[in-house]
Trainee: 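The structure that follows is given in the form of structure tokens.
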Number of protein chains: 2
Amino acid sequence: MIGEKPLPARRLPRAQRRDQILAAATEAFARSGFAATSLDDIAAEAGITRVILYRHFDSKTDMYQAVLDRMCARLDANVEEPVGGFTDASVDGLLAAAIESPAGFRLLFQHALREPEFKERIEKFRADITAAAYLQIAAVVPDRALARWAAQLAPVVAIEAIIAWLDAGQPDPAKAAARIRQAVMGVIGAAVASDVDCPLPHHARMEGIS
Amino acid sequence: MIGEKPLPARRLPRAQRRDQILAAATEAFARSGFAATSLDDIAAEAGITRVILYRHFDSKTDMYQAVLDRMCARLDANVEEPVGGFTDASVDGLLAAAIESPAGFRLLFQHALREPEFKERIEKFRADITAAAYLQIAAVVPDRALARWAAQLAPVVAIEAIIAWLDAGQPDPAKAAARIRQAVMGVIGAAVASDVDCPLPHHARMEGIS
DNA sequence: CGACTTGTTGACTCCGAAGTGTACTTACCG
DNA sequence: CGGTAAGTACACTTCGGAGTCAACAAGTCG
């Protein structure tokens with residue numbers, strides 16, 4: 001299906017092979033998530049046998065955790081939040097991580113986040129960003145329920161904007177970050193605007209856009 | 001775990017039971033998707049035995065399809081698109097469907113959409129909305145790649161806004177639709193703005209929001 | 001009442017995938 | 001050149017969940 005190697009597969013030093021397996025596992029898991037991905041799928045993706053996997057990881061779960069941790073570490077490294085909140089730097093960090101590993105990015109936010117057994121770690125990451133966003137938004141949006149809603153939505157929009165950008169073939173990387181930031185700002189702006197009971201003729205704008 | 005009934009479970013006429021099973025299955029599947037949900041989970045959710053499921057559905061796959069079709073039909077009914085495009089009515093329809101069945105809404109857009117074997121039907125639904133959105137956006141955004149990106153993103157933001165609203169406890173239902181529409185418009189506005197090379201001091205706005 | 005239908009229980013088969021062991025090759029490095 | 005580590009082949013065991021069957025219990029309706 002992919003690029004199978006009936007050949008005896010080149011030899012690699014242990015650490016390197018482990019890394020390659022993690023990369024392959026990331027790709028495989030990113031397609032259908034944990035439950036729907038077999039170790040044979042991963043072995044095939046890595047171009048080796050299933051048995052080899054067990055020389056590097058204790059179990060499927062262990063391996064999945066390693067994949068998740070690896071990607072989370074990448075995120076933590078890129079989007080270190082000095083309590084500053086959901087800043088431009090946060091978007092840049094997310095984007096950088098997504099560019100480094102698109103599959104890992106998708107895996108985290110499209111699959112792992114919805115898998116009860118694994119979502120904890122990454123949910124905590126997201127919660128941090130959401131909390132930071134809340135502080136900023138709450139300062140502008142008096143209605144607390146609305147502020148929580150916007151704070152919840154802002155990071156999600158950033159993530160979805162990045163994924164949509166990946167899907168679109170990563171056009172114009174130089175301006176991507178700016179555009180994503182604007183999309184997020186657009187959402188926050190919506191919360192602000194609708195809080196003062198729709199001062200904008202949004203209906204007309206939406207209908208008359210064409 | 002939930003509200004188990006060790007009792008012999010009340011009897012229901014066939015059609016009614018089938019519907020109740022579909023509702024239970026929707027809840028169960030919405031938690032972890034197709035692969036990670038067992039028929040026992042569903043039977044427990046419905047308060048009956050696994051064997052009964054087979055008196056209503058041929059297989060697990062068959063049942064899942066039924067659940068998906070049911071929810072898709074609900075969507076089609078609510079958000080009928082007279083080629084008009086991604087209008088206010090579309091948002092209203094999506095929102096109505098989400099209120100009718102939050103679990104179904106989540107199941108479709110958080111799980112089924114990422115399950116290769118099943119995403120086809122619902123992907124088509126999403127593609128229709130995306131295409132409609134593209135027509136509207138392309139009229140305002142000259143850069144075609146950017147327009148495609150925004151068109152891809154707009155429906156996703158609408159959906160995520162709805163899910164975030166569900167998560168927040170469905171506050172202020174009367175204005176929810178308007179807020180979601182504004183969020184979507186904010187995203188589209190971002191595409192428009194960034195196309196003319198960032199006329200807004202977005203950086204300052206974002207940093208200085210607090 | 002008696003038949004039918006909905007339900008339960010507990011057994012059973014089947015299959016795919018996780019996980020393990022052993023014996024056999026072969027590349028690489030000191 | 002020889003040993004070790006990386007890799008293969010294949011033959012398992014184990015396990016959970018899908019799918020099936022038969023016997024039995026109890027509401028409901030003619």
Side-chain angles (χ1 to χ4, degrees), chain A residues 1 3-25 27-29 31-68 111 115-118, chain B residues 1-25 28-29 31-68 111 115-118:
Chain A
M1 303 303 181
E4 310 307 343
K5 303 181 180 181
L7 321 172
R10 284 212 355 271
R11 286 188 53 172
L12 290 180
R14 184 173 174 81
Q16 206 167 325
R17 175 62 77 188
R18 184 189 150 96
D19 236 55
Q20 188 239 348
I21 290 176
L22 283 176
E27 295 290 334
F29 281 132
R31 285 197 279 273
S32 311
F34 179 75
T37 303
S38 78
L39 290 181
D40 284 305
D41 293 337
I42 296 165
E45 179 78 29
I48 56 175
T49 313
R50 209 178 73 256
V51 184
I52 296 293
L53 299 179
Y54 286 99
R55 291 194 194 169
H56 295 268
F57 305 94
D58 289 342
S59 66
K60 185 186 179 184
T61 299
D62 178 40
M63 194 167 94
Y64 195 58
Q65 289 283 12
V67 168
L68 261 38
H111 292 282
E115 290 158 355
E117 318 172 29
F118 303 104
Chain B
M1 307 304 180
I2 310 161
E4 310 306 344
K5 303 181 181 182
L7 320 173
R10 283 203 6 264
R11 287 187 52 171
L12 290 180
R14 184 171 177 82
Q16 205 167 326
R17 175 64 76 187
R18 184 188 151 97
D19 235 54
Q20 188 241 348
I21 290 176
L22 283 176
F29 280 130
R31 283 197 280 273
S32 310
F34 180 75
T37 303
S38 77
L39 290 181
D40 283 305
D41 294 336
I42 296 165
E45 179 78 29
I48 56 175
T49 313
R50 211 178 72 254
V51 184
I52 295 295
L53 299 179
Y54 286 99
R55 291 193 194 169
H56 295 268
F57 304 95
D58 289 342
S59 67
K60 186 187 179 184
T61 298
D62 178 39
M63 195 169 94
Y64 196 58
Q65 289 283 12
V67 168
L68 261 38
H111 293 283
E115 290 159 354
E117 318 172 29
F118 304 104

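When reading the values below, keep in mind they use all heavy atoms of this one structure, side chains included, and skip hydrogens, waters and symmetry mates. Chain letters run A, B, ... following the sequence lines, proteins first and then strands; every chain starts at 1. Note that the structure is a prediction, hence the values are computed from the model and not measured.
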Trainee: Rounded to the Å, how far apart are D41(A) CG and dG16(C) P?
Mentor: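 Going from D41(A) (CG) to dG16(C) (P), I get 14 Å.
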
Trainee: Considering non-hydrogen atoms only, spot the tightest contact between A43(A) and T49(A) and give its length.
Mentor: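 Looking at all heavy atoms of both residues, the closest pair is CB-C, 3.7 Å.
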
Trainee: Which heavy atom in E45(A) sits nearest to a heavy atom in E27(A), and how many Å separate them?
Mentor: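 That closest heavy-atom pairing would be OE2-CB, 3.8 Å.
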
Trainee: Give the residues of residues 56-64 of chain B touching DNA chain D, defined as any heavy atom closer than 4.0 Å, sorted by residue number.
Mentor: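 Close to the strand are S59(B), K60(B).
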
Trainee: Before accepting this row, confirm whether a basic side-chain N of the pair R31(B)/E115(A) lies closer than 4.0 Å to the acidic partner's carboxylate O.
Mentor: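 E115(A) and R31(B): not salt-bridged.
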
Trainee: Rounded to whole angstroms, how far apart are CD1 on I21(B) and P on dT6(C)?
Mentor: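 Taking CD1 of I21(B) and P of dT6(C), I get 11 Å after rounding.
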
Trainee: Can a side chain N or O of R17(B) be found less than 4.0 Å away from OP1 or OP2 on dG7(C)?
Mentor: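 The answer is yes; a side-chain N or O of R17(B) sits under 4.0 Å from OP1 or OP2.
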
Trainee: Is any side-chain heavy atom of K60(B) closer than 4.5 Å to one of F34(B)?
Mentor: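 In short, these two side chains touch, coming nearer than 4.5 Å.
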
Trainee: Please check the phosphate of dA17(C) (OP1 and OP2 only) for any side-chain N or O of S38(A) closer than 4.0 Å.
Mentor: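 No, outside the criterion.
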
Trainee: Considering just the side-chain nitrogens and oxygens of T49(B), establish if one lies under 4.0 Å of OP1 or OP2 belonging to dG7(C).
Mentor: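 No, T49(B) has no side-chain N/O under 4.0 Å of OP1/OP2 on dG7(C).
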
Trainee: Could you run down the sub-3.5 Å N/O contacts of the protein with nucleotides 23-27 of chain D?
Mentor:
residue	atom	partner	partner atom	Å
dG27(D)	N3	R11(B)	NH1	2.6

Trainee: Applying a 4.0 Å non-hydrogen cut-off, can you work out what R50(A) is touching in the nucleic acid: base, sugar-phosphate, or nothing?
Mentor: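 Base: the residue R50(A), judged by heavy atoms under 4.0 Å, touches a nucleobase.
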
Trainee: Describe, in one word, how the ring planes of F29(A) and Y64(A) are oriented to each other, choosing from parallel (under 30°), tilted (30 to 60°) and perpendicular (over 60°).
Mentor: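 Geometry flag for Y64(A) against F29(A): perpendicular rings.
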
Trainee: What is the distance, to the nearest angstrom, from the CZ atom on F34(A) to the P atom on dA17(C)?
Mentor: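 The answer, rounded to whole Å, is 14 Å.
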
Trainee: If I take atom CD1 in residue I52(A) and atom P in nucleotide dC10(D), what distance separates them, rounded to the nearest angstrom?
Mentor: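 Rounding to the nearest Å, CD1 of I52(A) and P of dC10(D) are 15 Å apart.
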
Trainee: Which atom pair, heavy atoms only, marks the closest approach of F57(B) to R18(B)?
Mentor: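 Smallest heavy-atom distance, with atoms named: CE2-NH1, 3.4 Å.
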
Trainee: Rounded to the Å, how far apart are R14(B) CZ and dC29(D) C1'?
Mentor: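 Rounded to whole Å, this separation is 18 Å.
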
Trainee: Send over the distance from L53(B) CG to dT8(C) C1', rounded to a whole Å.
Mentor: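 Rounding to the nearest Å, CG of L53(B) and C1' of dT8(C) are 13 Å apart.
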
Trainee: Just the rounded figure in Å: distance from C1' of dC15(C) to CG of D40(A).
Mentor: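 So the CG-C1' distance, D40(A) to dC15(C), works out to 14 Å.
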
Trainee: Nearest 0.5 Å, what's the CG-CG distance between L22(B) and L68(B)?
Mentor: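 It is 11.0 Å, given to the nearest 0.5 Å.
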
Trainee: Just to be sure I understand the rule, does L39(B) reach a base, reach only the sugar-phosphate, or reach nothing, if contact means heavy atoms closer than 4.0 Å?
Mentor: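 Sugar-phosphate contact only - L39(B) comes under 4.0 Å of backbone atoms but never of a base.
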
Trainee: Please give, in whole Å, the distance from dG7(D) P to Y54(A) OH?
Mentor: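 Rounded to the whole Å, the gap is 17 Å.
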
Trainee: Show your reasoning for whether side chain to side chain contact (heavy atoms under 4.5 Å, CB included) applies to D19(B) and L12(B).
Mentor: CA-CA 10 Å; D19(B) 235 54; L12(B) 290 180; over 6 Å; no

Trainee: Between D41(A) and A36(A), what is the shortest heavy-atom contact and its length?
Mentor: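 Minimum heavy-atom contact is OD2-O, 4.2 Å.
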
